[in-house]
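As the structure is a computational prediction, the values presented were derived from the model and not from experiment. Positions are given from 1 along the sequence.
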Amino acid sequence: MRKNGVGLFCGNFLRQRQGTTSPCLTAYCGECFTVYPNDPFPIQDRIGVDDEDDTDDEELETDEPPSTRFRRGRNGDHIMGAPFECDMCQFRNVYDRTPDFGSRTDRYALLVIRRVLLDVMWSRETSTVEGNLSRARLDYDSTQAAFDFPSPVPILGRDEVGDVCGMRVAMQTLHVSLRKGKYDKTLQIDTVRGTRTWNNNAHRAGEGAFNQGSTLASNYRGVMYVTEGPVHTEWFHRFEEGYKRRMGIIKKQNEALMVHQLLVIAIIAEEDWSSTTDEDTKRDIENVMAFVIIGFMVTLRGEEVPLARIEGIARTWREDYNYRVPFIMITLRGRFKREKYERFHCLPIADQGKSKVPSRKWIGRLMARRCHVDGDERGWLFLNKKGKRAKISDYDELFKSYVKRAHAKAPREFASGTKLDQYSLRRSLRRGSTTTAGNNQVPK
């Protein structure tokens, strides 16, 4: 038996809950509450988390060995602001029954529950937990002697059986996190977060739409609302803090496509275009080069470039060419980031600039093909082979192949250590454009 409240107590300790035949007697030494031997969930080696919202703890420097972090509990974790119920109680909350230890599914559920509980605990650092427990014991001893309160500490636990904290969604989240990721053996946090999103949407579309919630949960485009959704409980937010710290965040940024690299690509593409008689090949080259040039010259994200419209560009094509400073007016139609409604955006590209990028040549070739060969006077400038508005994935592989060929042709144009597989139409164009503008001291 743990003495003087030092340990890790289930919130339902000595409480017989509804539908159970005996009270819970679960109490641990903090260090005895450990992960299961076959726990498959990844644990990062470094300390801290790259999350600007995580500001509750500043004491991320610690002398704890990595072998203990995220792998065991601490004395006092049960009074750290998030309700702690033991594995068995949580299993009953989710399944409304006692686990069958002969069932592989139930054993795996208990393993995941243990990992969830440890993630909730490790949303706070050991020094914070120890300080909180030490102060609680000190205050209890001094104030109880003075006042003899009938209830000197808040009552923990509850009589009802049910998942009110969000354990089911937390279990789903951790199981999903084990899927193979694009850059690592498991999924990254930004991808895992989708499980929380669809659960919240489903709740609000179902039972959550027919009751008056008690939690002021979110600010959706300036509108505050209340909800009883399981992913908006404080316990669930603590779980998210904990698993972010445990997993860490791996960010893969696209390499920036610099202007001198773009010029090498343009030379290679011109050679390919001039040497082939296959019209489909010419079309592919025109598409990717117009995409690259528009994205780079106008500083667009990759998903914004396919919003270019034929009718807007064609309308002022000749007038813009005859202007005293010739330019091309790129017209995009759609809803951009942080915008609520679709509208046209007009963005000019100079014909002759310091960079000497052959903008009119490649955009003109694609416009000629779309207007005179395809006979389209309106519509999206970039179409895929099915006649639908193109996506980044339709051109990304050809773009990457041009980057590799440019590196082979002019390796000095690429900095040492450049990762060629990190070039993508998604962000390389925008990053290269903003870097070039910064280097040239172009005002924002």
Side-chain angles (χ1 to χ4, degrees), residues 1-13 26-36 39 41-87 90 113-145 152-157 165-167 170 173-174 177 189 192 233-251:
M1 176 64 69
R2 307 302 299 162
K3 295 181 179 180
N4 298 324
V6 178
L8 182 58
F9 290 79
C10 175
N12 303 315
F13 184 68
T26 304
Y28 304 87
C29 301
E31 61 270 19
C32 297
F33 189 77
T34 61
V35 295
Y36 282 43
D39 184 300
F41 300 101
I43 297 177
Q44 65 169 345
D45 293 327
R46 64 183 179 84
I47 297 173
V49 62
D50 185 8
D51 187 353
E52 60 185 13
D53 295 329
D54 185 20
T55 57
D56 288 307
D57 279 320
E58 296 180 357
E59 60 276 31
L60 294 184
E61 294 297 328
T62 176
D63 293 328
E64 291 175 293
S67 60
T68 61
R69 287 182 61 80
F70 309 106
R71 292 175 171 86
R72 69 183 190 186
R74 289 78 50 97
N75 292 336
D77 267 320
H78 62 293
I79 56 170
M80 278 303 300
F84 169 69
E85 295 178 273
C86 67
D87 306 3
Q90 286 286 10
I113 288 172
R114 175 65 63 90
R115 180 69 266 170
V116 170
L117 295 176
L118 284 168
D119 282 347
V120 175
M121 294 175 185
W122 278 95
S123 64
R124 297 295 180 264
E125 288 297 316
T126 298
S127 58
T128 305
V129 177
E130 291 176 346
N132 186 70
L133 177 61
S134 176
R135 182 57 184 263
R137 295 183 64 202
L138 177 62
D139 288 359
Y140 176 85
D141 292 339
S142 62
T143 58
Q144 189 65 2
V153 295
I155 297 175
L156 304 179
C165 292
M167 174 59 78
T173 300
L174 290 195
S177 72
I189 288 172
V192 173
T233 64
E234 184 176 1
W235 181 93
F236 195 88
H237 287 303
R238 291 279 291 273
F239 158 69
E240 290 185 309
E241 286 183 45
Y243 85 72
K244 287 177 183 178
R245 292 186 175 199
R246 171 176 56 81
M247 294 173 61
I249 298 176
I250 299 176
K251 291 188 175 181

Flag yes if more than 12 heavy atoms outside Tyr140 fall under 6.0 Å of its OH atom; otherwise flag no. no

I'd like to check Arg69 versus Arg245 (side-chain heavy atoms, cut-off strictly below 4.5 Å). Are they in contact? no

Are Phe33 and Phe84 an aromatic pair by the rule of ring centers under 6.0 Å? yes

Step-by-step side-chain contact (heavy atoms from CB on, under 4.5 Å) determination, Gln90 to Leu117: CA-CA 9 Å; Gln90 286 286 10; Leu117 295 176; 4.1 Å; yes

In terms of heavy-atom contacts, Ile79 and Ala136 come closest through CD1-CB, 4.2 Å

At their closest point, which heavy atom of Leu118 faces which heavy atom of Arg72, and how far apart are they? CD2-C, 3.5 Å

Asp39 side chain to Arg115 backbone, donor-acceptor under 3.5 Å: no

Is any side-chain heavy atom of Phe70 less than 4.5 Å from a side-chain heavy atom of Met121? no

Arg135 bridged to Asp139 by N-O distance under 4.0 Å: yes

Relative to Trp122, does Arg74 satisfy both conditions: NZ or CZ under 6.0 angstrom from the six-membered ring centre, and within 45 degrees of the ring's axis? yes

Dump the intermediate steps for side-chain contact (heavy atoms from CB on, under 4.5 Å) on Asn75 and Tyr28, then the final yes or no. CA-CA 8 Å; Asn75 292 336; Tyr28 304 87; over 6 Å; no

On a heavy-atom basis, which atom in His78 and which in Leu8 lie closest, and how many Å separate them? N-CD1, 3.6 Å

State, yes or no, whether a side-chain contact exists between Val6 and Arg137 at a heavy-atom distance under 4.5 Å. yes

So do Thr128 and Met80 actually touch side chain to side chain, heavy atoms under 4.5 Å? yes

Are any side-chain N or O atoms of Arg238 and backbone N or O atoms of Thr233, one a donor and one an acceptor, separated by less than 3.5 Å? no

From Asn12 atom CG to Glu85 atom CD, the distance as rounded to the nearest 0.5 Å: 4.5 Å

Donor-acceptor contact below 3.5 Å, side chain Asp87 vs main chain Arg114: no

Check the surroundings of atom CD in Glu234: do more than 12 heavy atoms from other residues, nucleotides or ligands lie under 6.0 Å from it? no

Validation row: Cys165, Phe236 side chains within 4.5 angstrom (heavy atoms): no

Just wondering, do Phe239 and Thr173 contact through their side chains at under 4.5 Å, heavy atoms? yes

Is the shortest heavy-atom distance from the side chain of Leu174 to the side chain of Asp119 under 4.5 Å? yes

Could you check if a side-chain atom of Phe13 sits within less than 4.5 angstrom of a side-chain atom of Leu156, using non-hydrogen atoms only? no

Quick one: do Thr68 and Glu31 satisfy side-chain contact (heavy atoms from CB on, under 4.5 Å)? Show the steps, please. CA-CA 9 Å; Thr68 61; Glu31 61 270 19; over 6 Å; no

Heavy-atom donor-acceptor pair, Ser123 side chain to Val120 backbone, under 3.5 Å: yes

Between Met247 and Phe41, is the side-chain contact (heavy atoms from CB on, under 4.5 Å) condition met? List the steps. CA-CA 8 Å; Met247 294 173 61; Phe41 300 101; over 6 Å; no

Under 3.5 Å, is there a donor-acceptor pair between the side chain of Ser142 and the main chain of Leu138? yes

Nearest 0.5 Å, what's the CZ-CZ distance between Arg71 and Arg246? 10.5 Å

